[in-house]
Amino acid sequence: MRWSNYFIPTLREDPADAEVISHKLLLRAGLIRQLAAGIYSYLPVAQRSVLKISQIIREEMNAIGGQEFFLPALHPAEPWQESGRWSVMGDNMFRLKDRKGGDYCLGMTHEEIFTEIARRELRSYKQLPQVWYQIQTKFRDELRPKSGLLRVRQFTMKDAYTFDIDASGLDRSFEDQRRAYCRIYDRCGLDYVIVDADTGAMGGSASNEFMVYTDAGEDLVASCAQCGYAANTEKAASRIPEIEDGDATLEPEKFPTPGVRTIEDLTTFPGGAEASRQIKTLVYVAVANKGNDVQATPVLALLRGDHPLNEAKLSNAAARLVNRDGWELTSVRAAHAEEIFEWMGANAGSLGAVGVTKLPVIADEALRGRRNMTTGANEDDHHLRGVNIERDVAVAQWTDLRTVIEGEGCPRCEGTLRVAKALEVGHIFKLGTKYSVSMGASVLTAEGKETPIVMGSYGIGVERILAAAIELHHDEAGIIFPITIAPFHVVVSPLNVRDPELKATADRIYREMLSAGVEVLYDDRDERAGVKLNDADLVGIPFRITIGAKKFKEGKVEFYDRAARRAEDIAVDATFEHTGLRIEQAFKRLNTPKH
RNA sequence: CGGGGCGUGGCUCAGCCUGGUAGAGCGCUCGGUUCGGGACCGAGAGGUCGGAGGUUCAAAUCCUCUCGCCCCGACCA
């Protein structure tokens with residue numbers, strides 16, 4: 001490819017609306033341009049890289065028996081209504097109507113559509129297992145698109161689905177996928193951790209996320225260096241010291257607390273209590289749906305005063321309360337001020353669960369057995385002290401509701417948890433029979449009994465791999481592509497194309513590489529050396545052959561290794577061979593299994 | 001949706017507070033000099049100042065509405 005005629009619109013300055021490093025570099029190096037919030041055009045350089053990532057994914061999926069499909073991105077509402085997700089997905093789903101007024105949506109993921117095929121065509125256990133996948137565009141009307149390609153409204157996802165006869169089959173399929181994912185990220189040059197994760201709107205029993213540690217990430221991962229425990233903080237547990245409560249005989253006593261609105265206020269109020277001796281009472285609404293009916297159930301969440309609520313955990317607890325008789329939880333939200341007063345008879349700041357029977361109470365495990373606690377009295381400007389939670393509060397469910405904090409104890413060993421930002425680049429789920437039951441996908445067993453297919457679902461964000469690679473591999477000068485996903489392997493840069501000798505040599509090297517199948521970009525532009533070198537660094541091509549007049553007179557060119565930032569002089573005649581060798585080595589380094 | 005910020009040549013921004021007929025740097029075109037880390041000189045092209053309405057003799061500037069984009073909190077690959 002000749003640079004002079006190839007579209008790489010590099011930018012000298014950082015674009016104004018880019019914040020994170022990958023976003024800046026993707027724009028500056030001429031890989032992407034924005035069309036609208038969270039919607040990007042991939043320019044030729046990006047497209048080459050994306051195709052390579054896709055190909056790596058494809059190879060690893062095929063290696064575990066995956067069969068590639070290509071399903072529609074435009075879906076009728078029916079399958080989504082059958083699974084219940086037409087309402088669960090809420091505003092995150094792009095919806096539209098056709099000319100006849102029929103409801104359609106743009107696919108966010110394809111469980112329903114693959115299941116729709118499976119239920120029509122799969123009849124017998126003999127046909128299982130099946131491993132189906134596609135690499136396709138997904139649409140999500142994100143609340144807040146941001147950070148370049150990291151959170152967008154249109155993106156490419158590799159989504160795979162497995163269909164097994166039973167749980168142990170699913171376990172095997174899941175493990176196959178997990179290993180394939182490790183190979184994919186290894187080959188793409190990403191450092192990652194596998195963490196326990198919440199299943200969220202996907203449903204199902206178990207899930208693992210593949211996370212890349214980077215400050216550009218939006219998730220928090222709690223990990224233990226001692227035993228290797230790692231979990232998304234939506235799911236992570238921790239060990240905390242017990243608190244000695246003293247006298248068990250005290251009875252609840254109401255006392256006036258004018259002006260006290262927060263946990264913090266009460267810690268300094270005379271006769272108040274320190275945060276760890278308070279009960280925090282939060283009013284939430286569990287929204288559930290059954291077909292097109294929607295139901296809102298108020299619930300109380302109780303935590304120790306100094307513990308932050310984890311909404312993902314509350315959501316799971318609320319689901320256990322409301323998921324019955326066909327109702328299914330769609331979301332939880334904090335109650336509005338008016339709702340709180342209506343249900344509790346007091347305003348936020350004076351709320352408590354003592355004596356509350358109308359709202360189900362979900363209490364955090366850290367409160368179990370606690371006595372002499374202080375909490376709101378459900379009367380404005382009054383609190384209660386001497387509260388013994390197990391005696392005085394009608395707890396409907398004890399569970400873990402708390403978000404872990406850096407420095408707390410590891411739940412599995414004596415170690416200490418560290419919490420760090422991370423980016424989710426893949427997520428694998430054991431779905432079980434959620435979709436096969438709701439959509440009626442079943443097969444006959446060897447015994448002739450009808451049984452729902454046991455499913456798994458496995459996703460990779462293709463552009464997130466690209467962005468994560470840049471987050472991980474860059475310097476002040478620009479991108480440093482891992483060679484496996486680099487748009488080109490080598491750039492040939494004659495520093496003065498008006499010098500006929502240099503030009504002729506560069507031409508020859510370029511053509512030799514081209515005909516040998518080397519992915520070479522030839523910077524034949526009539527630009528100053530500085531421009532060419534800076535552009536090559538910015539775009540991040542792993543190797544550069546620099547041909548300058550001075551060394552050329554000695555029969556030498558410069559071989560530059562972008563990642564090592566090291567240059568060496570090599571004989572002109574050895575260029576082809578040397579480059580081939582270095583490319584081969586670079587590939588080998590990434591393609592050698594690490595996990 | 002709540003909070004904050006920004007929309008002015010292709011890009012980065014100044015001008016706005018205190019209304020007076022639109023600027024700089026980079027990029028682009030042409031000519032010349034230069035040529036190993038984003039050169040220099042000269043000459044050019046290029047802007048409904050996001051949009052609509054209003055105030056005014058006069059609006060990029062003041063007022064109202066609206067659209068878009070970015071950032072911070074509730075969703076996910």
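In what follows, chains are A, B, ... by sequence order, proteins preceding strands, each numbered from 1. Remember, it's a predicted structure, so these values are computed and weren't measured experimentally.
With both ends at atom P, the span from B:rU56 to B:rC16 equals 24 Å, rounded to whole Å. B:rC11 and B:rG38 have their C1' atoms separated by 14 Å, with the value rounded to a whole Å. B:rA59 and B:rC63 have their C1' atoms separated by 11 Å, with the value rounded to a whole Å. Rounded to the nearest Å, the gap between the C1' atom of B:rC72 and that of B:rA39 is 43 Å. Taking atom P in both B:rC17 and B:rU61, one finds a spacing of 9 Å when rounded to whole Å.
Whole-Å rounding puts the A:L309 CG to B:rA74 C1' distance at 12 Å. Atom C1' of nucleotide B:rC75 and atom NE2 of A:H427 are separated by 13 Å, given to the nearest angstrom. Rounded to whole Å, atom C1' of B:rC76 lies 12 Å from atom CG of A:L150.
Residue A:E527 places no side-chain atom within donor-acceptor reach of the base of B:rG38, judged by atom type and a 3.5 Å distance cut-off alone. One cannot find a donor-acceptor pair under 3.5 Å joining the base of B:rG37 and the side-chain atoms of A:R565. Side-chain to base pairing of A:D537 with B:rG37: one donor and one acceptor N or O lie within less than 3.5 Å of each other. Below the 3.5 angstrom threshold, one finds no donor paired with an acceptor across the side chain of A:R333 and the base of B:rA74.
Distances from the side chain of A:T546 to the nucleotides B:rG36, B:rC70, B:rG37 place B:rG36 closest. Considering only the side chain of A:S147, B:rC71 comes nearest among B:rC70, B:rG36, B:rC71. Of all nucleotides listed (B:rA74, B:rG37, B:rA77), B:rG37 comes nearest to the side chain of A:L533. Closest to the side chain of A:Y40, from the set B:rC70, B:rG37, B:rC76, is B:rC70.
Residue contacts for A:S493: at a heavy-atom cut-off of 4.0 Å it reaches no nucleic acid atom on any strand shown. A:D159 comes within 4.0 angstrom of nothing in the nucleic acid, heavy atoms only. At the heavy-atom level, A:Q34 lies under 4.0 Å from the strands shown only through sugar-phosphate atoms. No engagement by A:R33 is indicated, since no non-hydrogen atom pair under 4.0 Å with the nucleic acid exists. Residue-level contact check: A:G426 touches the backbone only, with heavy atoms under 4.0 Å from sugar-phosphate atoms and none from bases. Among the atoms of the strands shown, base atoms are found under 4.0 Å from some heavy atom of A:D219. As judged by a 4.0 angstrom heavy-atom cut-off over every strand, A:A18 is placed among residues making no nucleic acid contact. If you check every strand for non-hydrogen atoms under 4.0 Å, A:N534 touches a base. Nucleic acid contact class of A:K532 (heavy atoms, under 4.0 Å, all strands): none.
Between the side chains of A:E112 and A:H75, no donor N or O sits under 3.5 Å from an acceptor N or O. Under 3.5 Å, the side chains of A:Y435 and A:R85 contain a donor-acceptor pair of N or O atoms. Counting only N and O atoms by type, the side chains of A:K158 and A:Y181 include a donor and acceptor under 3.5 Å apart. With hydrogens and angles left out, the side-chain atoms of A:N208 and A:R178 include a donor and acceptor closer than 3.5 Å. No donor-acceptor contact under 3.5 angstrom links the side chains of A:D141 and A:N92, judged on distance only. A:Y522 and A:N5 share no donor-acceptor pair across their side chains, judged by distance under 3.5 Å alone. No side-chain donor from either of A:T109 and A:D159 sits under 3.5 Å from a side-chain acceptor of the other.
Of the two residues near RNA chain B, A:A36 and A:R28, the one whose nearest nucleotide lies more 5' is A:R28.
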Which donor-acceptor pairs under 3.5 Å do the side chains of residues 13-23 of chain A make with protein atoms, sequence neighbours left out?
unit_1, atom_1, unit_2, atom_2, d
A:S22, OG, A:E471, OE2, 2.7
A:H23, ND1, A:G148, N, 3.4
A:H23, NE2, A:Y40, OH, 3.3

If you restrict it to nitrogen or oxygen atoms, what contacts under 3.5 Å exist between nucleotides 1-6 of chain B and the protein, and what is each distance?
none

Expected rows: protein N/O vs nucleotides 39-44 of chain B N/O, under 3.5 Å:
unit_1, atom_1, unit_2, atom_2, d
B:rA39, OP2, A:R528, NE, 3.3

Which protein N or O atoms sit under 3.5 Å from an N or O of nucleotides 11-13 of chain B?
unit_1, atom_1, unit_2, atom_2, d
B:rU12, OP1, A:A16, N, 2.9
B:rU12, O4', A:E13, OE1, 3.4
B:rU12, O2', A:E13, OE2, 3.3

What does the list of N/O pairs under 3.5 Å between the protein and nucleotides 7-9 of chain B look like, with a distance for each?
none

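In this structure, A:F559 CZ and A:T575 OG1 are separated by 9.5 Å, a value rounded to the nearest 0.5 Å. To the nearest 0.5 Å, atom CG of residue A:L149 and atom CZ of residue A:R464 are 10.5 Å apart. Atom-to-atom distance recorded for A:F429:CZ and A:T162:OG1 is 12.5 Å, nearest 0.5 angstrom. Remark: A:D507 CG to A:R2 CZ distance equals 5.5 Å, nearest 0.5 Å.
In this structure, B:rG10 and B:rC26 make a Watson-Crick or G-U wobble pair, each of the two defining distances being under 3.5 angstrom. Using N1 to N3 plus N6-O4 or O6-N4 for Watson-Crick, or N1-O2 and O6-N3 for G-U wobble, each under 3.5 Å, B:rU61 pairs with nothing. As the counterpart of B:rG36, no nucleotide is assigned, since no Watson-Crick or G-U wobble pattern has both distances under 3.5 Å.
Ring geometry for A:F488 against A:Y6 counts as perpendicular: the plane angle is over 60°, on a 0 to 90° scale with 30° as the lower cut.
With hydrogens and angles ignored, the 3.5 Å screen pairs no side-chain donor or acceptor of A:E234 with any backbone N or O of A:A197.
Shown here are the side-chain contact (heavy atoms from CB on, under 4.5 Å) partners of A:S493, two or more places apart in sequence or in another chain: A:V491, A:D523, A:R544.
Both tests do not hold together for A:K138 against A:F155: distance to the six-membered ring centre under 6.0 Å, angle to the ring axis within 45°.
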